[in-house]
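See below for the structure under consideration.
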2 protein chains.
Amino acid sequence: MARKTSLKDIANKVGVSTSLVSYVLNNKDKENRVGKETADKIRKAAKELNYFPNLNARSLKTNISHTIGLIVADISNPFFSSLARTIEDEAYARNYTVIFGSSDENNDKFIKVLDFLSTRQVDGFIVASPEESRETVLGLKESNVPLVLIDRYFSDIVVNTVMVDNFKASFEATNHLLNKGHKRIGAIVYESTLLHYQDRCNGYLEAMKQAGIVDGTQFLAKVNHQSLQTEIQEAVQKLIFEDKVTAIYFSTNTIATEGLKQIKNVGKKIQEEIDVVAFDENLIFQFLDVHVPFVSQPIKKMGQEAVRILIDQIENKDQGIINVLLKATLETKEKLQKVN
Amino acid sequence: MARKTSLKDIANKVGVSTSLVSYVLNNKDKENRVGKETADKIRKAAKELNYFPNLNARSLKTNISHTIGLIVADISNPFFSSLARTIEDEAYARNYTVIFGSSDENNDKFIKVLDFLSTRQVDGFIVASPEESRETVLGLKESNVPLVLIDRYFSDIVVNTVMVDNFKASFEATNHLLNKGHKRIGAIVYESTLLHYQDRCNGYLEAMKQAGIVDGTQFLAKVNHQSLQTEIQEAVQKLIFEDKVTAIYFSTNTIATEGLKQIKNVGKKIQEEIDVVAFDENLIFQFLDVHVPFVSQPIKKMGQEAVRILIDQIENKDQGIINVLLKATLETKEKLQKVN
DNA sequence: TACTTTTGCTTAAACGTTAAAGCAAAATGG
DNA sequence: CCATTTTGCTTTAACGTTTAAGCAAAAGTA
């Protein structure tokens with residue numbers, strides 16, 4: 001691979017010092033009293049030699065790499081890849097690139113990715129922190145690297161966050177079912193230490209409690225991330241046949257997918273026999289003969305806010321700790337029809 | 001953000017020169033005759049000071065950034081995000097990070113992303129080149145940056161590629177329908193200059209031709225990427241009601257999703273009334289009451305091969321131009337049942 | 001004319017690394 | 001015991017930038 005052209009190459013060609021070239025190409029020629037003619041010659045030569053600055057060198061000198069690190073649970077998960085996309089767009093627009101890594105909900109992998117990216121001198125991190133990562137995030141925060149937590153948070157770590165109001169959305173989703181007259185409403189949630197998942201769980205429980213119908217924990221199934229498929233299979237069967245629920249709330253995308261499959265598998269008609277509501281949009285909803293109400297997350301807004309906060313922090317337009325709490329809205333059939 | 005510890009900090013602490021520290025931490029202490037005790041002291045100090053090398057500085061010196069650039073059409077598209085994931089895993093395992101960008105099937109954006117990543121001194125590119133990007137890819141190739149094209153190719157540009165045999169897979173998919181006795185088989189493909197899409201189209205046409213039943217072009221609907229939804233709507237209606245096809249081949253993931261929706265919308269039963277086959281797996285297949293045969297792409301293998309070829313090239317284990325053609329297999333109901 | 005100011009440039013040092021070259025002291029060999 | 005080799009380290013320069021400081025010539029002022 002041929003060596004790229006450097007400031008020095010341009011300087012030699014024009015017959016000036018590299019400093020002048022640097023000033024001109026950074027559009028600081030006016031402040032630094034570079035002659036108009038020389039400036040033009042330099043710009044022309046830069047074009048001719050197809051010059052691109054070496055950002056590593058610049059970063060070494062300026063300590064700003066214009067790169068942000070994005071760590072999510074799994075980039076191939078549609079929620080995170082959509083998030084990644086909006087983060088990419090926003091970052092590019094601000095002249096930043098993004099390096100990414102997946103943690104697989106595993107703190108050790110998370111640490112590995114963090115080290116990997118630190119080594120690349122990223123200017124800051126946008127992080128969806130995995131299970132068991134409290135200490136790691138705390139350490140990260142204490143290292144004073146600009147940091148924004150997205151999607152997940154820790155109640156006792158004061159740091160920038162961009163979150164969705166999971167509790168409220170869950171509460172509303174459950175209420176939707178309650179309002180339709182259901183009393184025996186099941187819920188399937190992740191067995192997880194992650195607070196945002198617990199919020200979803202608590203939103204459901206609170207709605208049930210306020211409705212005063214029954215102790216919600218009775219109809220609550222917690223499933224494990226690893227053995228999702230079999231556990232959801234069991235959960236759906238238990239809820240339907242033992243607990244005789246008439247509706248189920250699925251608290252995540254993946255749970256909804258598997259859960260709906262199971263309802264079909266056990267021979268029940270979705271919505272007619274077992275009413276449902278889900279957290280997160282899902283392509284498959286379009287293929288059910290009925291409309292599944294779902295909690296829609298403002299992914300684009302989340303990504304934009306996260307990048308904005310992070311870059312402001314990096315560039316010292318610092319405004320202290322910022323916590324953005326976005327509203328996730330329940331999309332029902334009625335609501336959609338109103339739009340059309 | 002507190003300054004990170006550098007080689008110099010360690011050198012000062014131990015009381016030696018930075019060179020020694022560099023040798024030791026790069027495990028070149030033996031070759032460079034560093035005393036055992038000093039080496040131990042250096043390693044200890046590095047631990048204590050929580051040293052991480054500055055890869056920008058190293059890269060500046062060595063001209064190797066251990067970063068690869070990944071450019072796809074859209075990272076939020078499930079095919080590409082899955083690909084990104086396997087590329088990430090493979091790259092990390094080889095001590096490389098990946099920076100990504102989406103081209104949106106647009107050559108100008110593609111060029112912008114390329115420049116952006118070049119500037120970051122990536123060691124090489126894995127690229128799913130967008131529409132109208134022949135000249136750009138040619139230029140990239142001529143710049144001698146290590147490069148692997150993935151998913152898409154140009155017949156007249158000799159460069160590393162990792163492809164799937166689209167023609168053959170399409171041919172087999174169409175034959176599957178022919179073997180079931182269908183004669184009037186429609187196909188919906190992208191109107192595109194991208195050869196891999198054309199290959200899919202040609203695979204269909206060739207199968208139809210060999211079957212000698214009818215001129216396939218008659219049942220071929222080309223749809224535009226931009227106005228997908230409406231065009232597929234029209235295409236499906238035309239194929240079913242005017243051309244009286246009894247089966248349809250969907251040549252991409254997105255086309256299949258929209259196409260299947262339309263079949264339902266016009267009141268036809270999938271498979272019973274209109275038989276189908278699709279290119280690429282799709283979550284929604286699980287939600288149809290019938291099994292949709294589909295062409296399964298070896299995404300993991302694609303990512304692994306691309307990274308392997310690229311890094312070998314970067315590290316000069318150069319083996320000339322490599323073209324990998326992977327087989328995409330038709331997954332039918334019968335086949336799946338054999339596995340279980 | 002003799003000064004100050006402005007203009008247009010160069011020099012030099014630094015960022016954190018790597019690695020070739022150099023150099024003294026200790027160890028070895030005959 | 002002197003010459004050679006080995007050992008253990010340092011010095012130096014370089015990668016491509018940025019930027020403060022410096023300096024001579026031209027222009028302005030009085």
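Numbers restart at 1 for each chain; the letters A, B, ... are given by sequence-line order, proteins then strands.
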### Query
So, is S17(A) near the phosphate of dT11(C), with a side-chain N or O under 4.0 Å from OP1 or OP2?
no

### Task
Calculate the interatomic distance between E31(B) atom CD and dG8(D) atom P; express it in whole Å.
14 Å

### Query
If only atom types and distance count, is the side chain of S22(B) paired as donor or acceptor with the main-chain N or O of T18(B) below 3.5 Å?
no

### Query
Are T18(A) and dT18(D) close enough that a side-chain N or O sits under 4.0 Å from OP1 or OP2?
no

### Task
Measure from the side-chain heavy atoms of K28(B) and tell me the nearest of dT19(D), dC9(C), dA19(C).
dA19(C)

### Message
If you compare all heavy atoms of F100(B) against all heavy atoms of E88(A), which two are closest, and at what distance to 0.1 Å?
### Response
CE1-OE1, 3.4 Å

### Summary
Atom NZ of K4(A) and atom P of dT17(D) are separated, to the nearest Å, by 10 Å

## Note on the structure
Walking DNA chain D from its 5' end, the first of N63(B) and N32(B) to be reached, judged by nearest nucleotide, is N32(B)

### Task
Identify which nucleotide among dA21(D), dG8(C), dT18(D) has an atom closest to any side-chain atom of R33(A), counting heavy atoms from C-beta outward.
dG8(C)

### Query
What is the distance, rounded to the nearest whole Å, between atom CD of E37(A) and atom C1' of dG8(C)?
12 Å

### Task
Send over the distance from K8(A) NZ to dT11(C) P, rounded to a whole Å.
13 Å

### Task
Mind running side chain to side chain donor-acceptor pair (under 3.5 Å) on N160(A) and Q313(A) for me, showing each step along the way?
CA-CA 10 Å; N160(A) 299 309; Q313(A) 203 108 122; 2.6 Å; yes

### Task
Could you check how far CG of L7(B) sits from P of dC15(D), rounded to whole Å?
19 Å

### Query
If you measure only the distance, is there a donor-acceptor pair under 3.5 Å linking the side chains of T67(B) and Q121(B)?
no

### Message
Less than 6.0 angstrom from the centroid, inside 45 degrees of the normal: does R120(A) satisfy that with respect to the ring of F116(A)?
### Response
yes

### Query
Should we say atom NZ of K109(A) is surrounded by more than 12 heavy atoms from elsewhere, each under 6.0 Å from it?
yes

### Task
Whole angstrom is fine here: how far is it from CG in N12(A) over to P in dG16(D)?
12 Å

### Query
Between dC23(C), dC9(C), dT12(D), which one does the side chain of S19(B) approach most closely?
dT12(D)

### Interatomic distance, D29(A) CG vs dT18(D) C1' [rounded to whole Å]
15 Å

### Message
Any side-chain N or O of N26(A) below 4.0 angstrom from OP1/OP2 of dT18(D)?
### Response
yes

### Task
Check DNA chain D against residues 42-62 of chain B and give the residues with a non-hydrogen atom under 4.0 Å, in numerical order.
L60(B), K61(B)

### Task
Decide, yes or no, whether a salt bridge links K41(B) with E37(B) under the criterion of side-chain N to carboxylate O below 4.0 Å.
no

#### Entry: Nearest-angstrom distance from the residue atom OH of Y23(A) to C1' of dT10(C)
10 Å

